[in-house]
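Right, one structure below, let's go through it.
Order of the sequence lines fixes the chain letters, A, B, ..., with proteins taken first and strands second; residue numbering starts at 1 for each chain.
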Amino acid sequence: MEKITITLPDGSTEVHQAGESVREILSSRCGDAIASAVAARVNGQMVDLSRPVLEDSSVELVYISSTEGLGVLRHSISHIMAQAVQDIFKGVKVTIGPSIEEGFYYDFEYANTFTPEDLEKIEARMREIVSADHPFVRLEMSRKEAAAFFEKKGESYKVELINDLPDDVTDVSLYTQGDFVDLCRGPHIPSTGMITAFKLLNVAGAYWRGNEKNRMLQRIYGTGFATQEELASYLTLMEEAKKRDHRRLGRELDLFQLNDEVGPGLIIFHPKGTLLRTIIEDWERKEHLKRGYDIVMGPQILKVDLWKKSGHFEHYRENMYFTEVDDQAYGIKPMNCLSHMLIYKSKIRSYRDLPLRYFELGTVHRHEKTGVLHGLMRARQFTQDDAHILCRPDQLNTEIRAIADFVDYAMGVFGFSYEVELSTRPNGSIGSDADWDLATEALKLALEDNAMTYDINEGDGAFYGPKIDFKLKDALGRKWQCATIQCDFALPERFDLSYIGADGEKHRPVMLHRVILGAIERFMGVLIEHYAGAFPVWLSPVQTSILTVTDSQIPHGEKVYSRLLEAGVRCERDFRNEKLGYKIREGQMQKVPYMLVVGDREVESGTVSPRERDGGKNLGSMSIDDFIAVVREKCDGFE
RNA sequence: GCCGAUGUAGCUCAGCCGGUAGAGCAACUGAUUCGUAAUCAGUAGGUCAGCGGUUCAAAUCCGCUCAUCGGCUCCA
């Protein structure tokens with residue numbers, strides 16, 4: 001028997017027989033620990049504990065506590081779910097069932113639909129499979145054999161998957177637990193009995209292979225954890241997320257409404273929502289002016305011919321609204337670029353004039369499909385903090401880097417971290433390959449110059465150019481696309497934009513489309529959920545509320561109110577005939593940062609007693625001016 | 001747009017096997033004048049999403065439409 005050398009995580013080595021399984025190799029060494037391992041990593045590759053090791057290798061155990069280990073567990077649960085589903089329902093075909101960030105899913109083809117009651121039945125059957133403690137067994141077959149095997153079972157999706165494997169794949173692996181067999185790369189946990197905590201969550205439709213031209217399958221989502229406690233805390237977190245839902249908070253905090261009588265995807269901003277929005281917009285204008293942008297404004301509707309010229313009519317028509325005025329066809333703008341192009345064209349431009357940066361808080365309309373609408377996050381009318389930068393090719397790098405810095409600054413101000421993605425040329429786009437390459441390279445280079453790490457999203461660019469997307473992460477770790485930078489050679493070409501170079505000849509400028517917060521509506525939605533409605537002082541539409549103890553302090557309360565308004569503090573009065581505790585409770589639920597208690601003591605000394613929302617601390621009585629200073633300090637650097 | 005679920009008072013929800021609607025909170029009115037998360041009492045509030053069908057009778061059963069929610073595809 002051949003001997004092999006095994007390197008352990010601590011760097012030590014052992015000699016073993018070739019062909020011993022990972023479990024055999026590590027059992028003496030790791031003792032009890034191996035019982036809680038779900039899989040192993042051999043030379044960096046994830047494998048089953050039962051996998052034989054044939055050559056010199058480094059070997060380590062993978063536990064549920066690691067992200068990968070949890071993924072293995074969840075993936076195994078998805079197999080058990082598939083088994084349970086096929087046990088209970090006849091005529092179900094299996095497709096794919098991966099683990100995902102928060103759990104797992106499995107897609108099935110089934111003539112009937114799964115109901116919530118079915119999920120309970122499936123869960124019950126899964127528990128039986130778990131207690132039967134079936135081992136997960138790996139089988140290897142040639143792809144031909146495997147295809148024939150699944151063909152015979154009528155599992156046509158599996159056959160399709162096998163047939164679509166790259167040509168150089170000769171063998172595939174299958175996993176069985178009990179009498180269930182599935183095509184699968186693995187690895188899996190040793191046996192079904194290892195599972196302690198799982199729950200099926202919901203049923204949803206999903207296209208086969210994510211393509212809307214394909215058949216719609218039924219997807220069952222579930223999740224699993226190492227312990228019941230972790231599962232319970234996950235479910236609690238979901239409840240918390242629900243409480244932060246911006247649609248719910250929007251109503252509770254009286255920020256905005258979505259009304260059926262108005263129409264889907266159309267938002268009415270109430271006074272407080274409008275105030276919040278105005279604060280953000282004022283901040284934007286100031287920050288843009290600081291960075292050398294010019295603020296501009298274009299019309300809401302532009303003639304259809306102009307949209308034909310830009311390419312939007314051809315490439316974006318399904319998302320546009322059209323109208324007619326005096327027998328003339330108009331398109332309602334889904335993007336703000338056209339007016340900006342015409343501003344550029346209104347004069348002859350010199351190379352010395354560039355870059356020109358046109359900024360518009362531009363309201364656009366897009367006909368979004370009904371199924372995607374979602375409160376403020378996905379609306380049919382929204383306002384972008386949009387800008388178009390026209391520059392010389394040699395300025396591209398500096399401009400892109402400056403935008404990336406701007407985004408970085410803005411995310412810091414609002415308290416978000418973010419990730420960066422670069423999206424390349426999609427199908428059906430306009431422009432030459434050379435320009436696309438140039439633009440893509442420019443974006444890439446700027447990111448690298450700024451030392452930003454990024455992922456590449458192949459084929460996900462806009463129809464006119466590649467883009468950098470910034471996905472911000474909120475307090476619950478959810479990601480939202482907000483900022484984007486898009487590089488565009490096509491529109492300057494279509495509009496025949498030019499500048500006079502140092503050589504006295506005409507040259508073509510390059511254009512950057514970019515947003516920092518994205519859509520103000522979406523950004524507000526994200527902010528609401530991020531802060532759970534408890535905005536920092538500088539953003540709070542109501543910064544303070546004055547609470548009288550009894551009616552007799554109303555005159556003093558009014559005085560405080562007008563002093564605060566005058567000082568620019570956003571302020572409300574709660575002079576109702578209610579007990580102080582009642583008013584405080586309400587102010588707390590309305591998430592007002594400071595409540596100013598005004599009782600006889602304050603009247604006498606001409607002061608206020610602020611109570612902090614966060615922590616409920618009573619700051620004691622202070623003069624009105626001192627309180628104004630407290631608010632100003634909290635807003636310092638933002639406004 | 002696709003798959004599924006849901007739609008009852010401002011909000012959260014109850015309303016069984018069909019017999020013309022109910023609670024809590026909110027609102028309003030009155031009393032109370034109160035010191036850091038809910039004072040008491042009373043009043044009002046519903047074309048049961050809309051339209052059509054079945055039935056002696058529909059919130060309840062059936063169909064269509066609209067909207068919302070969870071996903072898929074798409075996206076700021």
Side-chain angles (χ1 to χ4, degrees), chain A residues 105 107 110 112-116 118 201-221 242 245 247-248 251-252 254 257-265 318-319 334-336 362 364 366-379 381-386 460 462 467 469-471 480-484 486 513-523 525-526 547-554 576-590 595-602 609-613 616-621:
Chain A
Y105 67 79
D107 285 348
Y110 182 41
N112 302 319
T113 56
F114 297 119
T115 64
D118 290 340
L201 299 171
N202 56 328
V203 189
Y207 298 108
W208 167 235
R209 294 189 149 179
N211 186 331
E212 66 179 325
K213 294 195 173 68
N214 288 343
R215 169 162 191 161
M216 183 155 279
L217 306 169
Q218 287 189 70
R219 173 172 298 179
I220 301 179
Y221 282 95
K242 228 187 240 175
D245 189 312
R247 292 163 298 189
R248 176 194 183 122
R251 187 177 55 233
E252 288 173 358
D254 200 13
Q257 65 172 299
L258 291 147
N259 190 318
D260 286 359
E261 288 183 277
V262 177
E318 330 67 80
N319 286 297
M335 297 188 194
N336 301 301
V364 297
R366 295 185 187 174
H367 183 236
E368 300 292 346
K369 293 174 178 176
T370 52
V372 307
L373 300 175
H374 182 83
L376 299 185
M377 307 293 200
R378 201 73 188 272
Q381 177 188 309
F382 56 95
T383 299
Q384 297 176 300
D385 60 338
D386 203 2
D460 216 27
K467 59 177 181 168
D469 287 328
F470 295 81
K471 310 232 159 162
W480 301 96
Q481 156 139 25
C482 290
T484 163
Q486 304 173 351
H513 306 242
R514 50 104 283 188
V515 290
I516 303 296
L517 306 182
I520 304 296
E521 287 78 358
R522 173 178 292 182
F523 191 74
V526 175
L547 318 184
T548 45
V549 177
T550 70
D551 288 352
S552 66
Q553 297 96 27
I554 289 177
R576 291 174 301 173
N577 178 10
E578 295 289 350
K579 291 171 94 163
L580 185 61
Y582 180 90
K583 296 187 189 184
I584 286 181
R585 176 182 153 79
E586 200 140 292
Q588 203 65 32
M589 291 194 306
Q590 286 296 307
M595 278 169 265
L596 299 186
V597 174
V598 169
D600 286 338
R601 292 203 291 271
E602 286 72 21
S609 285
R611 179 190 203 273
E612 280 183 324
R613 170 192 67 198
K617 201 168 131 208
N618 182 358
L619 300 185
S621 57

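- Separating the C1' atom of B:rC62 from that of B:rC69 is a span of 24 Å, rounded to the nearest Å.
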For nucleotides 7-12 of chain B, print each protein N/O atom paired with a nucleotide N/O atom at under 3.5 Å, atom names and distance only.
| unit_1 | atom_1 | unit_2 | atom_2 | d |
| --- | --- | --- | --- | --- |
| B:rC11 | O3' | A:R251 | NH2 | 3.4 |

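- Spacing between B:rU39 and B:rG18 at atom C1', rounded to whole Å, works out to 45 Å.
- Residue A:Y207 places no side-chain atom within donor-acceptor reach of the base of B:rG71, judged by atom type and a 3.5 Å distance cut-off alone.
- Partner assigned to B:rU47 is none, using Watson-Crick or G-U wobble distances below 3.5 angstrom.
- No N or O donor and acceptor, one from the side chain of A:E261 and one from the base of B:rA49, sit under 3.5 Å apart.
- Of all the heavy atoms in A:Q486 and A:A462, the pair that sits closest is OE1-CB, 4.0 Å.
- Taking the P atoms as reference points, B:rG10 lies 34 Å from B:rC72, given to the whole Å.
- A:G210 comes within contact range of the sugar-phosphate backbone alone, with a heavy-atom separation under 4.0 Å but no base atom that close.
- Separating the CG atom of A:N202 from the P atom of B:rU6 is a distance of 14 Å, rounded to the nearest angstrom.
- Base pairing annotation: B:rU39 forms a Watson-Crick or G-U wobble pair with B:rA31, both donor-acceptor distances under 3.5 Å.
- A salt bridge does not link A:R585 to A:E578: none of the charged side-chain nitrogens sits closer than 4.0 Å to a carboxylate oxygen.
- Between the CD atom of A:Q588 and the CD atom of A:E612 there is a distance of 10.5 Å, given to the nearest 0.5 Å.
- With RNA chain B read from its 5' end, the first of the two nearest nucleotides for A:Q486 and A:R219 is the one closest to A:R219.
- Put simply, A:T370 has a side-chain N or O that comes within less than 4.0 Å of OP1 or OP2 on B:rG1.
- Look at the C1' atom in both B:rG71 and B:rU12: the space between them is 25 Å, to the nearest Å.
- Heavy atoms only, all atoms of each residue included: A:L517 and A:D385 are closest at N-OD2, 2.7 Å.
- For a distance-only test at 3.5 Å, the side chain of A:R378 qualifies as a donor-acceptor partner of the base of B:rC74.
- Summarising the geometry, the separation between CG on A:L373 and P on B:rG70 is reported as 12 Å, rounded to the nearest angstrom.
- At a threshold of 4.0 angstrom between heavy atoms, the contacts of A:A483 with the nucleic acid are absent.
- Here the side chain of A:E212 is nearest to one of B:rA76, B:rU73, B:rA27, namely B:rU73.
- In this structure a side-chain-to-backbone donor-acceptor pair under 3.5 Å is missing from A:R378 to A:E368.
- Residues A:E602 and A:S621 have side chains that never bring a donor and an acceptor to within less than 3.5 angstrom of each other.
- Residue A:L547 contributes atom CG, which lies 16 Å from atom P of B:rC34 at whole-angstrom precision.
- Contact between the side-chain N/O atoms of A:R247 and the OP1/OP2 oxygens of B:rC69 is found at a separation under 4.0 Å.
- The C1' atoms of B:rU55 and B:rC61 are separated by 10 Å, rounded to the nearest whole Å.
- The existence of a salt bridge linking A:D469 and A:K467 is confirmed by a sub-4.0 Å separation between a basic side-chain nitrogen and an acidic carboxylate oxygen.
- Look at the P atom in both B:rA27 and B:rU65: the space between them is 40 Å, to the nearest Å.
- Base pairing of B:rG10 is made with B:rC25, judged by Watson-Crick or G-U wobble geometry with both donor-acceptor distances under 3.5 Å.
- Below the 3.5 angstrom threshold, one finds a donor paired with an acceptor across the side chain of A:R522 and the base of B:rC75.
- With hydrogens and angles ignored, the 3.5 Å screen pairs no side-chain donor or acceptor of A:Q384 with any backbone N or O of A:M335.
- Remark: the separation of the P atoms in B:rG22 and B:rA9 is 14 Å, to the nearest Å.
- Side-chain contact annotation: A:R209 with A:Y207, donor-acceptor N/O pair under 3.5 Å absent.
- When rounded to the nearest whole Å, the span between CZ of A:F382 and P of B:rC75 equals 12 Å.
- Whole-Å rounding puts the A:R366 CZ to B:rC75 P distance at 10 Å.
- Across all strands shown, B:rC69 is found opposite B:rG4 as a Watson-Crick or G-U wobble partner, with both distances under 3.5 Å.
- Contact check, A:Y221 against B:rG4: no side-chain N or O comes under 4.0 Å of OP1 or OP2.
- Put simply, CG on A:N259 is 13 Å from C1' on B:rA49, counting in whole angstrom units.
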Using side chain to side chain contact (heavy atoms under 4.5 Å, CB included), reason through A:V597 and A:L580 one step at a time and then give a plain yes or no.
CA-CA 8 Å; A:V597 174; A:L580 185 61; 4.0 Å; yes
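- With salt bridges taken as basic N to acidic carboxylate O contacts below 4.0 Å, none links A:K369 and A:E318.
- The partner of B:rC17 cannot be assigned: no Watson-Crick or G-U wobble pair with both contacts below 3.5 Å exists in any strand.
- Between the P atom of B:rG71 and the NE2 atom of A:H374 lies a distance of 8 Å, rounded to the nearest Å.
- Side-chain atoms of A:K471 do not come within 3.5 Å of backbone N or O of A:C482 as any donor-acceptor pair.
- The P atoms of B:rA58 and B:rU20 are separated by 11 Å, rounded to the nearest whole Å.
- At the heavy-atom level, A:V372 lies under 4.0 Å from base atoms of the strands shown.
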Generate the contact string for nucleotides 35-46 of chain B. Rules: B means base contact, S means sugar-phosphate contact only, - means no protein heavy atom under 4.0 Å.
BBBBB-------
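- For A:G265 and A:D551, each mapped to the nucleotide of RNA chain B holding its nearest heavy atom, the one lying further toward the 5' end belongs to A:D551.
- Taking 90° from 0 as the syn/anti boundary, the base of B:rC17 is oriented syn.
- B:rA58: no Watson-Crick or G-U partner with both key distances under 3.5 Å is found in any strand.
- Scanning both residues, A:F470 and A:T484, for their nearest heavy atoms gives CD1-N, 4.3 Å.
- Per the geometry, CH2 belonging to A:W208 stands 22 Å off P belonging to B:rG71, to the nearest Å.
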